[in-house]
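Below is one structure, written out as structure tokens; comments come after it.
Counting starts at 1 for both ligands and their atoms, in listed order.
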Amino acid sequence: MTVVVSGIRPTGNLHLGNYFGALKSFIRMQEENQCFFFIADYHSLTTHPTPADLHGNVKNVLVEFLACGLDPEKATLYIQSDLPETAELYLLLNMNAYVGELERCTSFKEKIRQQPQNVNAGLLTYPTLMAADIIIHRAHKVPVGKDQEQHLEMTRTFANRFNRLYHVDYFPEPVAYTFEENLVKMPGLDGSLKMSKSENENSAIFLADPPEVIRKKVMRAVTDAGPTEMNQPKPQAIENLFTLMKTLSAPETFAHFSNLYDTCQIRYGDMKKQLSEDVILFTETFREKIRELHANNAYLKKVVALGAEKAHASAQKTIREVREIIGFKSF
Ligand code: TYM
């Protein structure tokens, strides 16, 4: 049976980038695979070491996981910090992870730029914790967006290195996976290449955003004076709007506005109005369920307990075997 693992950091509500980069694949994959999906609260401390409401952030993501259709009976839904075996494997993997390779990681370099006042060891070893998350269940596939490609590559490096160093064929080589043809990178409304909650709040549309907020954000999205020549390539911010429309709207709608652009007749106001209504329609069912689930603490508690139990069974087996392979023995 194919083992699938993936996680999302609880640093804010989930946005459309999270949905199309990861969650959509989670929902499809849970049907036919052994899936482990978790909320990466340890990881969130690398950028937010003193969160105002860690528990509330975790609850938001849990609610949004469930609202999107993740089924706690089919998949194992758990909270990263409920599984300390991950922390032990992280420690062991760090012994064979080299500072040079960690420093070369693109996301580390980016974080140094974003938070020069807090270049902590957790940031440097972010990829080993992520590798531990994945190989603790000896995963084969990892549904993620394109921004996680390099982390996956490092996971393969650490898994292979473990096998080589200890002369075993224990960890499989996990590969990135998405149901789209290519790994997805959902762009931001601010003209940035990636929709993100950390860089700019206005770049992201959240699954829980009410209709009036969605309208406001989309109408404020960055545009320009419009094309002056036929069939010209689009500037990044305009390309972004078209990518969103292609993902969310009906194919005829996308074709209609593409044609208007190519013939220099586009009015961005009209395009944005259409796009906001399509986003509102798409997120409607999530909004309803999110509201219901937030009020149902007893159910959430049950989901978390079940997830922790199932995740433990898998992780404890791996840790026992890893300890044995390395040479830890009990007296
Ligand atoms: P995070 O929390 O930044 O994002 C969660 C998931 O959403 C995807 N994503 C996007 N996909 C497409 N376009 C975007 N604009 C976009 N923004 C976010 C991410 O690719 C990711 O799949 N390191 C991970 C969390 C993690 C993890 C793991 C993932 C920790 N351990 C083990 C997989 C396996 C992260 O920061 O994702």
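Under the 6.0 Å distance and 45° angle rule, K197 does not count as a cation-pi partner of F206. A cation-pi arrangement is absent between K24 and Y19 under the rule of less than 6.0 angstrom and at most 45 degrees off the ring axis. K310 forms no cation-pi arrangement with Y78, by the criterion of a distance under 6.0 Å to the ring centre and an angle within 45° of the ring axis.
Salt bridge status for E321 with K317: present, with a side-chain N to carboxylate O gap under 4.0 Å. Between E212 and K217 there is no salt bridge, since no side-chain N of the basic residue sits under 4.0 Å from a carboxylate O of the acidic one. Salt bridge E103/K109: absent, no basic N to carboxylate O contact under 4.0 Å.
The part of Y126 lying near ligand 1 is the side chain, judged by heavy-atom distances below 4.0 Å. Contact annotation for F38 and ligand 1: only side-chain heavy atoms (C-beta onward) come within less than 4.0 Å of the ligand.
Considering only non-hydrogen atoms, atom 37 (O) of ligand 1 lies nearest to Q148 out of H151, Q148, Q80, K146.
Annotation: atom 31 (N) of ligand 1 to nearest protein heavy atom, D133 OD2, 2.7 Å. For atom 27 (C) of ligand 1, the closest heavy atom belonging to the protein is G7 O, 3.6 Å. Scanning the protein heavy atoms around atom 3 (O) of ligand 1, the nearest turns out to be R9 NH2, 2.7 Å. Considering only non-hydrogen protein atoms, atom 20 (O) of ligand 1 sits nearest to D147 OD1, 2.5 Å. Among protein heavy atoms, the minimum distance from atom 11 (N) of ligand 1 is reached at G17 O, 3.1 Å. With hydrogens left out, the protein atom closest to atom 12 (C) of ligand 1 is V184 O, 3.2 Å, a heavy atom. Of the protein's non-hydrogen atoms, the one nearest atom 4 (O) of ligand 1 is N18 ND2, 3.4 Å.
Assignment of S196 to the shell around ligand 1 is not supported, since no heavy atom sits closer than 4.0 Å. Judged by the shortest distance from any of its heavy atoms, H15 lies inside the 4.0 Å radius around the atoms of ligand 1.
Judged by distance alone, the side chain of R287 and the main-chain N or O of P210 form no donor-acceptor pair under 3.5 Å.
Of the listed residues (R156, E149, Q150), just one forms a side chain to side chain contact (heavy atoms under 4.5 Å, CB included) with L152, and that residue is R156.
Near G145, with a cut-off below 4.0 Å to any heavy atom, the atoms of ligand 1 are 11 (N), 19 (C), 20 (O), 22 (O). Here is the list of ligand 1 atoms found below 4.0 Å of a heavy atom in V142: 33 (C), 34 (C). Taking every non-hydrogen atom of I134 and a distance limit under 4.0 Å, the qualifying atoms of ligand 1 come out as 32 (C), 34 (C). Of all atoms in ligand 1, listed by their number and element, those nearer than 4.0 Å to a heavy atom of M195 are 14 (C), 15 (N), 17 (N). Listed by number with element, the atoms of ligand 1 under 4.0 Å from a non-hydrogen atom of H43 are 30 (C), 31 (N). When each atom of ligand 1 is checked for a heavy atom of K185 under 4.0 Å away, the hits are 12 (C), 13 (N).
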Criterion ring pair (Phe, Tyr, Trp, His ring centres under 6.0 Å) on F20 and F282, from CA distance to verdict: CA-CA 12 Å; F20 287 102; F282 177 78; 5.4 Å; yes

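I325 CD1 to F171 CZ: the interatomic distance, rounded to the nearest 0.5 Å, is 7.0 Å.
A ring-centre distance under 6.0 Å is found for F162 and Y166. In this structure, H140 has its ring center no closer than 6.0 Å to that of Y177.
Distances between N or O atoms of M186 and those of ligand 1 include at least one value under 3.5 Å.
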